[in-house]
Structure formats: C-alpha cells, structure tokens
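Let me begin by presenting the structure, written as structure tokens, before commenting on it.
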Amino acid sequence: MSPTFTRWKVAAAVALLIAGTSSLFAQGITTGAISGRVVSTTGEVLPGATVVALHVASGTTYGTATRENGRFVIPNVRVGGPYTV
C-alpha cells in the first residue's frame with residue numbers, strides 16, 4: 001500500500017469519528033424555553049413586567065422580567081407541559 005492511500009484511510013476514519021460524535025452531543029438536550037411578549041389591553045408593551053410559568057405536572061415555577069420591548073425568554077424549563085404562564 002502506498003503512504004497516500006494509508007493517509008486517506010486515516011483521514012476518512014477521523015472524519016467519521018468526528019461526524020459520529022456530534023450526534024451524540026445533541027442527545028443531551030433535555031430542556032426547553034418559553035418566550036413571548038407582554039402587552040397591555042391597549043397594545044402597549046410592558047417593560048419590567050414579571051412573568052411566571054408554572055409546570056402544572058410538577059408544580060415547578062420559573063420566572064423572569066420583560067425587556068424594554070416587552071419580550072421575555074424563560075430558558076431551561078422542563079420539556080413538555082402543560083404550563084400556565
């Protein structure tokens with residue numbers, strides 16, 4: 001066998017190993033996120049409003065405050081629901 005062919009086989013094996021491990025890391029995601037926008041009854045944004053999400057099945061609560069544009073994100077919440085916001 002030529003050295004070029006051997007290098008090609010090693011490079012192909014390394015590429016397969018790298019490609020295979022990236023799908024393994026994706027399996028570790030076990031949380032979700034809730035996002036939205038809080039507005040008044042007249043449609044005005046509400047900056048600084050407190051937002052609380054309750055995971056009904058477990059009783060776990062998650063909270064955050066809205067940004068200047070009324071938007072919020074609650075990261076790292078349990079997957080599934082139902083949620084009451």
Side-chain angles (χ1 to χ4, degrees):
M1 284 193 205
S2 71
T4 304
F5 182 70
T6 304
R7 281 189 215 132
W8 182 85
K9 284 175 36 178
V10 170
V14 169
L16 286 173
L17 285 172
I18 291 171
T21 58
S22 65
S23 64
L24 292 175
F25 289 118
Q27 302 302 316
I29 299 173
T30 59
T31 62
I34 299 172
S35 64
R37 185 173 176 219
V38 178
V39 296
S40 70
T41 55
T42 60
E44 296 178 56
V45 297
L46 296 175
T50 300
V51 180
V52 177
L54 168 67
H55 185 253
V56 177
S58 69
T60 305
T61 59
Y62 305 90
T64 192
T66 59
R67 296 188 293 256
E68 289 181 6
N69 60 1
R71 297 204 175 273
F72 69 91
V73 176
I74 304 174
N76 302 320
V77 298
R78 280 180 189 252
V79 175
Y83 278 92
T84 301
V85 179

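The structure presented is a predicted model; accordingly, all values stated were derived computationally and were not measured.
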*Closest approach of Glu68 to Val45 (non-hydrogen atoms, all atoms of both residues)*: O-CG2, 3.9 Å
*asked:* On a heavy-atom basis, which atom in Ala53 and which in Tyr83 lie closest, and how many Å separate them?
replied: CB-CD2, 4.2 Å
_Reported CG-to-OG1 distance for the pair Asn76 and Thr31, which is rounded to 0.5 angstrom_ = 4.5 Å
_Donor-acceptor pair, distance only, cut-off 3.5 Å: does the side chain of Thr66 make one with the backbone of Gly48?_
yes
*Quick one: closest heavy-atom pair of Val73 and Ser35, and the distance?*
CG2-CB, 4.0 Å
_Using the rule that Ile, Leu, Val, Met, Phe, Trp and Tyr join whenever any side-chain heavy atoms are under 4.5 Å apart, tell me whether Leu46 and Val39 fall into a single cluster._
no
*NE2 of His55 to OG1 of Thr84: how many Å apart, nearest 0.5 Å?*
10.0 Å
*Should Leu54 and Val38 be counted in the same cluster of Ile, Leu, Val, Met, Phe, Trp and Tyr side chains packed under 4.5 Å apart?*
no
*Do you know which two heavy atoms are closest between Phe72 and Val51, and how far apart they sit?*
CE1-CG1, 3.8 Å
*Look at the side chain of Tyr62 and the backbone N and O of Ala33, then say whether any donor-acceptor pair between them is shorter than 3.5 Å.*
no
_Val85 with Val77, same ILVMFWY side-chain cluster at under 4.5 Å_ = yes
*Between Gly32 and Val79, which heavy-atom pair has the shortest distance, and what is it?*
N-CG2, 4.0 Å
